[in-house]
Amino acid sequence: MENLILQQIEKYKAGINRKYPYLNGLNNEQLSAVLQTEGPILVFAGAGSGKTRVIIYRALYLIKKGLAEPNRILGVTFTNKAAGEMRERIKKTLDNQSSLPEFSTFHSFCLKVLRLHAHLIGYKESFIVLDEDDSGKLIKAAVSELNLDEKVYTISKVKAFISKHKSEYINSEETTDESSPLKKNFTNIYRNYNEKLKELNAMDFDDLIFNSVLLFEEKPFVLSFYQDFYKYIMVDEFQDTNYIQDKFIKMLAGKHKNLCVVGDDDQSIYGFRGALVDNILKFKNSFKDCKEVHLGKNYRSNESILNAASNVIRINKKRAAKDIAPVKKGGKPVKVYRFENEESESGYIAREINLLVRHAGYSYKDIAVLYRINALSRGIEAGLINNGIDYQIYGGLKFYQRKEIKDVLSFIRFAVNPQDFLSFKRSVQCVPTGAGETTVEKIKRIADENNIHIFTAFQKGLLAGIKGLKLKESGLFETERMADKSKLLDYFELILKIKETAGAAKADEIIKTVFEESGYESLLKEKAEKDVLQNNRLDNIEALIKAASNYPNIQEFLDASAMDTEIGIDKEETNKVTLATIHAAKGLEFSVVFMVGMEENIFPHAKSLGDELAIEEERRLCYVGITRAKDLLYMTCAETRKTDKGNKENNMSRFIKEIDLRNNN
DNA sequence: TTCTCTAAAATTTTT
DNA sequence: TTTTAGAGAA
C-alpha cells in the first residue's frame, strides 16, 4: 500500500498526471494524506505541518475526481472560526460549483440534525439552546430547590459533573453512583437540572451531541439517512474529541467508513473538558484496515523555536513517538526575562513591541501576547495603552454573550419558544415593565398551576389580577388601571407581534422592532448620555441587526447566535497586537509571540500542581503556545504579581527551565 | 414591590 | 476590574 502511494506520488511529481495541478504545492506526506481517499485514515499532523491545507486539498481532490458531490463531504471542526476559514478557502478554489462541502463544528452540525428530527425524541421543534450562563442559572435553581449548600455544590462543580456525564453518554436516570451523600446529591441535581431543561424545551451544549447520538440509536432510519448521505467525513483536531463525539463520528461514518481524522496528541489541551487523547492514540484499534500518515515537516516556526518546543514536549511520558523537523533553519534564541513585578513586565513588552515595529520591520498585527489565564490580560492592556499600542483581545468576551445582545434576543427567544422561562424573565425585566421578582414568580406559578405556558396564560386572561391585566373578548387586552400596568401590557403585545411575524419577517427586521418598541433603545440611549462607555452597546446592537440581515429567518439566526457564530459580525482588518489565552490561540500563528506570566502557580496553573496528568496537559499547552511563533519568541515572568489577594511571589515556570536554553540557538 | 445606588466578590482553560 | 448582592428610596 505504502509503495503504491509513493509510486502514485512520484507519478504526480513527474508531471505525468496534470489533471490535478493544484496538488503540486503539497509535499509527499501531505499528498499521501490527500490521495488515500478510501477507508479510515489517521493523520498525525504536528504543529505548523499544513494540516488545514491537507483537509482543504483532500476535499478538493474528492470533488474534482468525482468521488462525491461537494455537499456529501463533511468536515468537522471544534471552532466556528476554523469551520468558517475552511468554508472560505474551499469556496475560493471551487468557483462555480453547485454546492459546497459541509464544514461545521460538532455542535452546529448536531444542532442542524436536531432541528430536523428532535421531535422524534420528545422535543418540540422550536427547542432552544442554552448558553453556559443560562444553564448555570438552571443549576443554581436546582441546587436551591433541593435545599443544598451553594458553597459545596458550586455552579462550576455541578457543571463539571453534569458535563462529564453527558460527554460519557450517561443519562441522569442511569447515573447510579450514589456511594456517598455527596455523589447522590450531585446525581439529584443532575436529574433536577435535566427536568428543568425539558420544561423549558431547551438543550445545553452537551445535549446537542448527546441527543444526536440518542436520536441515531433510537431511530436507526435517521442514522441510516445521514450515513448514506455523507460519503466522506474528515475531523479536525481529533485529539480534542471526547467519548461521545468520537462515538458520534464513528456512527456517522459507519456505512462508507471513509473517515479521515487529523490531529496531534501533543496539542491535546481540553482534557479538563473530557477530551480523550486515547481517541486519537487508539483510533487504529477501531478499524483494522486503517491507514496512517505523519506530517512531520513544520513550515511555521524556525529551528530555534521548534527546538524549544521539542525540549518541552519530550518530557511528557504519554505521547506517540514522533519527530517534527523545521523547514526554516536557524533563528534567534528564545528570549527569557524575569521582572520585578507585572508592571515592569508589561512595560517592557510594550516598549519591545514598539522597537520591533519601528526597527525590525514587523507590524502590530504580526505580534501576539499569550497568557495562561484571562486575568493576566489586564496588566498587559495597561502597558500597551500607556505606550499607545492598539490591541484586540482574541476570543475574549463573546459577542453573543454580551448583556445587551442577550437582552434583545431574549424577547425573540421567548416569542419563538413560549416554554423559555429564562428568556421571559430576562426580557420582561431588562426594560422597566413593572414586573420584578415577585410578579415574574407569580406569573410562572399561574402558568405552572394551569399546566400551560406563560404566554398562553396571558392569552387566556389568567394573568388578570396581576398588575390588573384583563382579557377582552377579542383575545386582546385592556387594563383596569392603565397607569400602572400599561407597560406590562405593551410587553405582551410586543411578544404577540413577534410571534405573528416570526415566520415571515426577516431576522433583522424583527430585531429592529424589538429594539425600538420594547423601550430598550431609549433605555440604552439614556444610559449612553450619562456614560460614554455605554455608547458601544448601541454600536453592538447595530452590529447585531447587520449580522441578522445575513440570515434567511429568525430561527436560523437564533441558532447561529447560540453557537456564537460570528458570521456577519464585522471584524475590522486592522493593524493591532493580538492578546489571547493560549487555548484561544490554538490554530493561529504570529511572527512574534510573547508568552507572559511564565510562573509556577500560573503556568502550570496552581490547580494542576501535584497531578502528573494535569501537569502534562499544561506542558502540552506550553507546547501549543511556543509553536504559535514563527520568528521570535519571548517568555517573561515576574517575581511578584498582584492577585485578588494581594501580592504573590512566584518562582519561574518549570517550563522555562525545560527549554534548556544552552541547547537552544 | 420595584428600581437605583453603593459595596463586595470573583477569575483556568471553552463549543 | 466587571459583575452580583443588599439596602434604601419611590
Side-chain angles (χ1 to χ4, degrees), chain A residues 76-83 104-111 129-133 135-137 140 150-151 154-156 159-160 163 166-167 203-210 237 240-242 244-245 268-275 370-379 381-382 394-398 400-403 428-442 466-467 484 487-488 523 526-527 530 533 559-566 580-586 597 601-609 614 617-618 620-622 624-625 642-645:
Chain A
V76 184
T77 65
F78 272 88
T79 65
N80 291 301
K81 168 111 176 147
S104 198
T105 63
F106 274 99
H107 294 84
S108 310
F109 183 74
C110 287
L111 177 54
V129 182
L130 292 194
D131 62 22
E132 288 292 290
D133 217 48
S135 87
K137 283 181 191 166
K140 203 174 165 189
E150 271 185 37
K151 299 263 157 51
T154 60
I155 292 177
S156 65
K159 230 181 228 179
S163 187
K166 287 191 177 176
S167 72
M203 299 190 195
D204 63 20
F205 284 134
D206 294 317
D207 283 337
L208 294 175
I209 325 279
F210 188 103
E237 308 276 18
D240 288 335
T241 53
N242 59 30
I244 197 165
Q245 288 161 339
S268 165
I269 55 174
Y270 287 106
F272 70 95
R273 235 172 67 189
L370 307 182
Y371 34 83
R372 173 67 237 267
I373 52 176
N374 275 314
L376 294 190
S377 79
R378 272 224 322 266
E381 287 178 70
Y394 184 88
L397 72 162
K398 290 286 170 48
Y400 289 105
Q401 298 286 88
R402 287 165 213 252
K403 187 182 179 303
V428 80
Q429 293 190 139
C430 71
V431 286
T433 53
E437 216 58 33
T438 324
T439 308
V440 164
E441 280 305 318
K442 212 187 254 176
I466 299 210
K467 288 282 170 185
D484 295 345
K487 282 189 171 170
L488 191 54
L523 191 77
E526 216 173 279
K527 281 186 181 168
K530 286 182 201 153
L533 288 173
D559 282 350
S561 73
M563 297 293 96
D564 219 274
T565 315
E566 297 217 347
T581 64
I582 303 174
H583 281 91
K586 191 165 83 157
N601 291 315
I602 290 178
F603 197 15
H605 193 270
K607 292 203 171 150
S608 300
L609 299 178
E617 180 150 315
E618 298 272 334
R620 290 193 291 272
L621 188 59
C622 185
V624 169
K642 269 194 210 118
T643 66
D644 46 346
K645 296 177 202 98

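Please read these numbers as outputs of a predicted model, since none were measured by experiment.
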Does dA7(C) have a Watson-Crick or wobble partner in any strand here, with both distances under 3.5 angstrom, and which is it?
dT4(B)
Using atom CD1 of Ile373(A) as one end and atom P of dT11(B) as the other, report the distance to the nearest whole Å.
12 Å
What's Phe106(A) touching, base or sugar-phosphate or nothing? Going by heavy atoms closer than 4.0 Å.
nothing
Using whole Å, report how far CZ of Arg378(A) lies from P of dT11(B).
14 Å
Students often get this wrong, so: under 4.0 angstrom with heavy atoms, is Lys140(A) touching a base, only sugar-phosphate, or nothing?
sugar-phosphate
Could you pick out which residue, Val431(A) or Asp206(A), lies toward the 5' side of DNA chain B when each is mapped onto its nearest nucleotide?
Val431(A)
To the nearest angstrom, how far is His583(A) atom NE2 from dT11(B) atom C1'?
15 Å
Whole Å only: how far is the NZ atom of Lys81(A) from the C1' atom of dT14(B)?
16 Å
Strictly by Watson-Crick or wobble contacts shorter than 3.5 Å, is anything paired with dT13(B), and which nucleotide is it?
none
Near-ring test His583(A)/Tyr270(A), centroid separation under 6.0 angstrom:
yes
Given the options Asp204(A), Asp206(A), Asn242(A), Ser163(A) meets side-chain contact (heavy atoms from CB on, under 4.5 Å) only with Asp206(A)
Using whole Å, what does the distance between atom P of nucleotide dT13(B) and atom CZ of Arg620(A) come to?
18 Å
In whole Å, what separates the P atom of dT13(B) from that of dT4(C)?
16 Å
Could you say whether Ser608(A) or Gln429(A) is positioned toward the 5' end of DNA chain B, judged by the nucleotide with the nearest heavy atom to each?
Gln429(A)
Does Asp240(A) come within less than 4.0 Å of Lys586(A), counting only side-chain N to carboxylate O?
yes
Roughly how many Å is it from CD in Glu237(A) to P in dT15(B), rounded to a whole number?
12 Å
Regarding the side chain of His107(A), the nearest nucleotide among dT11(B), dT13(B), dT15(B) is dT15(B)
For dT14(B) and Thr581(A) - does any side-chain N or O of the residue sit under 4.0 Å from the phosphate oxygens OP1/OP2?
yes
Measure the distance from CZ on Phe109(A) to C1' on dT15(B) and round it to the nearest whole Å.
16 Å
Which part of the nucleic acid, if any, lies within contact of Glu132(A), taking any heavy atom under 4.0 Å across all strands shown: a base, the sugar-phosphate backbone alone, or nothing?
base
Is any side-chain nitrogen or oxygen of Asn80(A) closer than 4.0 Å to OP1 or OP2 of dT15(B)?
no
Salt bridge check: are Arg620(A) and Glu617(A) linked by an N-O gap of less than 4.0 Å?
yes
Scanning both residues in full, the closest heavy-atom pair of Leu523(A) with Cys430(A) reads CD2-O, 3.4 Å
Against the side chain of Arg273(A), the closest entry in dC3(B), dT14(B), dT11(B) is dT14(B)
Mark this stacking check for Phe272(A) against dT13(B) as yes or no, applying ring centres under 5.5 Å and ring planes under 30°.
yes
Atom pair distance, as rounded to whole Å: CD1 in Ile269(A) and P in dT13(B):
12 Å
Return the minimal non-hydrogen interatomic distance between Thr241(A) and Phe106(A), and the atom names on each side.
CG2-CZ, 3.8 Å
